[in-house]
Amino acid sequence: MLILGVVGFLGQNFRIFAEPESGEETLVDFYSIIQITFQKNMEIAASRFDIEAAKYQFQRFERNLSEFVPFIIETNADRDLESYEDGSHRISDTEDQAAASVGFEKEFFDGKKISASSGVRMSSDGNGDNGHPFIGAEMKFPLFSSFTTLKRVTERSFEESELLSAWLDFIDTVRDSISDSHEAYVEVEEAAGIRLLIDRAIEDLETILDSPFIIERENDRLQLEDEIQAYQTERVNVLGDVDASIIELMETLGLNEVTLDDLRRFGMINDSDFYGKHYVESDLEWLTQEATENDVEIRVLNVARDNAELKKELAKKGKWDILGNLSAEYDFAERGDDLRRKSGYQVGLGFSIQRNDPKLLLLSMRQAGAEIKRFSAQIEWRERKVKHLIQRRVSQARSTMELIESLQRSRTLRQSVFTQKLKSYLAGEDTVENLIKARDSLFDTEENIVERHADFYQTVIELDVASGFYFKQLGDLVDSIGESYSSARMGNSFSDS
């Protein structure tokens, strides 16, 4: 019965980690970690508020450049005195005028300006006192102009740069925080897997130790007990690693409590759908293309380059400013001592032409050209970095998979060796030393498999970082924050960048 029990235990389909029971609710795995870290991690939250602060600073500065004055009260009073000679007499005519109005004024980013007001005018002369209400409006607008827009786009460059810097810091923080959570998760699972292997080895040895066969073999019993003690000592060390890794995982996730029961065990690479499977099975060119499209840093840099190109285009067109002016005013019928009742309107139309400083325009073009080259270089560097990193890590992941498959074949052989040694020992045909050695050899191979799986998943984490996988999973959550940077692109949405 002893032989059948041990052989049956070892002959079960080998799993490094226990599978969750049917219906068990899983809290933490590779996928949920992405969402949890993004929503709970305090470093990400702080970086998100940095973006918000930079966004408000950007909007405040832009508001200063396109100000809206919702309430304007204007009053004025003047006296006209006219003196002339009529024959031998000098005649003087005096007219007093006063006006009060209330209105608003709105200035736009591209140089347009509109204003409107309504009020009352009063006049007094030798014929009596008169007064009438009036309404008026004025609009100034660029007919052919880009210089005003260029000036304002250039003036906001510092705030734009601050917002860009906040966005890139946010991207780095998200990538680093989630990858740290994934790495802590792998470390927990690696330590937990080794602990499980130790428990199995102890169980095997204790089962042999409880056999009636050992009662009369004191030396064998002592050797088995010594071996069990060695495994138990190692188990204490591994439990310390588990606890330390769980604390680190809690910190990176931003959760107050995490236990092993909250974690979903990840399986072996020969499972039907292991995490990172698409990296080792997909075409490298397709992976690189996907990574480039998903990379938020590249998207943000493209937005920045588009802004620089806009500045350069505005500088090219900014040699002349041609501004139109349209005004209208309507005076309602007068009322007063004058028996006549008059009303009327005034309409004005005009334009102005301005030749702008060519040296300033040239410097603006050169500055924009340098910015375009800088952002283009950053984009190219990032694309190359992503491509080369994916190539290296995919090759490393495939190599690790081959090593794991080789170790699994070795484990099958060493399990057979241990099973045979156990049969021989219980039959009195082999020594306890050889039996213990065979069990240690099996444990070493199984431990090596666990460690190589951890290496594989660490490589997958690096591929996730390089390919922008986190941001693809987060989707609209990141795009909604990205809209705070899109305003720097003169109205184009971030999702279209």
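Remember, it's a predicted structure, so these values are computed and weren't measured experimentally.
In this structure, Arg384 pairs ionically with Glu380, as a charged nitrogen and a carboxylate oxygen lie closer than 4.0 Å. A salt bridge does not link Glu227 with Arg439: every distance from a Lys NZ or Arg NE/NH1/NH2 to an Asp or Glu carboxylate oxygen is 4.0 Å or more.
Not counting sequence neighbours, Glu383 has no partner by the side chain to side chain donor-acceptor pair (under 3.5 Å) test. Considering only residues two or more places apart in sequence or on other chains, Arg452 meets the side chain to side chain donor-acceptor pair (under 3.5 Å) condition with Asn448, Asp455. By the side chain to side chain donor-acceptor pair (under 3.5 Å) test, Asp210 is found to be paired with no residue, residues two or more places apart in sequence or in another chain being considered.
Aromatic rings from His453 and Phe274 are positioned such that their centres are separated by 6.0 Å or more.
Between the Asn237 side chain and the Glu234 main chain, no donor and acceptor come within less than 3.5 Å of each other.
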Would you check, one step at a time, whether the test ring pair (Phe, Tyr, Trp, His ring centres under 6.0 Å) holds for Tyr470 with His182? CA-CA 11 Å; Tyr470 300 152; His182 271 165; 5.5 Å; yes
Between Asp172 and Arg175, does the salt bridge (Lys or Arg N to Asp or Glu O under 4.0 Å) criterion hold? Intermediate values first, please. CA-CA 5 Å; Asp172 287 340; Arg175 276 198 301 240; 2.8 Å; yes
Go through the steps to decide whether Glu402 and Arg398 satisfy the test salt bridge (Lys or Arg N to Asp or Glu O under 4.0 Å), and finish with yes or no. CA-CA 6 Å; Glu402 292 176 1; Arg398 289 173 177 170; over 6 Å; no
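In summary, the side chains of Ser47 and Asp50 do not present any donor paired with an acceptor at a separation below 3.5 Å, with no hydrogens or angles considered. In the model, Tyr279 has no side-chain atom that pairs as donor or acceptor with a side-chain atom of Thr459 under 3.5 Å. Side-chain contact check for Thr445 and Arg411: no donor-acceptor pair (N or O, by modelled atom type) lies under 3.5 Å. Between the side chains of Arg382 and Gln378, no donor-acceptor pair of N or O atoms lies under 3.5 Å. Remark: the Ser177 side chain and the Asp180 side chain contain no N/O donor-acceptor pair separated by less than 3.5 Å.
Legend: ring pair (Phe, Tyr, Trp, His ring centres under 6.0 Å) pairs involving residues 422-449, not counting sequence neighbours, sorted by first then second residue: Phe213-Tyr425, Tyr231-Phe443. For residues 240-256, there are no salt bridge (Lys or Arg N to Asp or Glu O under 4.0 Å) pairs, not counting sequence neighbours. Residue pairs meeting the salt bridge (Lys or Arg N to Asp or Glu O under 4.0 Å) criterion with at least one partner in residues 461-470, sequence neighbours excluded, are Arg393-Glu462.
Minimum interatomic distance between Val258 and Ile246 (heavy atoms only, all atoms of both residues): O-CG2, 3.2 Å.
Because its NZ or CZ atom is not both nearer than 6.0 Å to the ring centre of Phe30 and within 45° of the ring axis, Arg264 does not count as a cation-pi partner of that residue.
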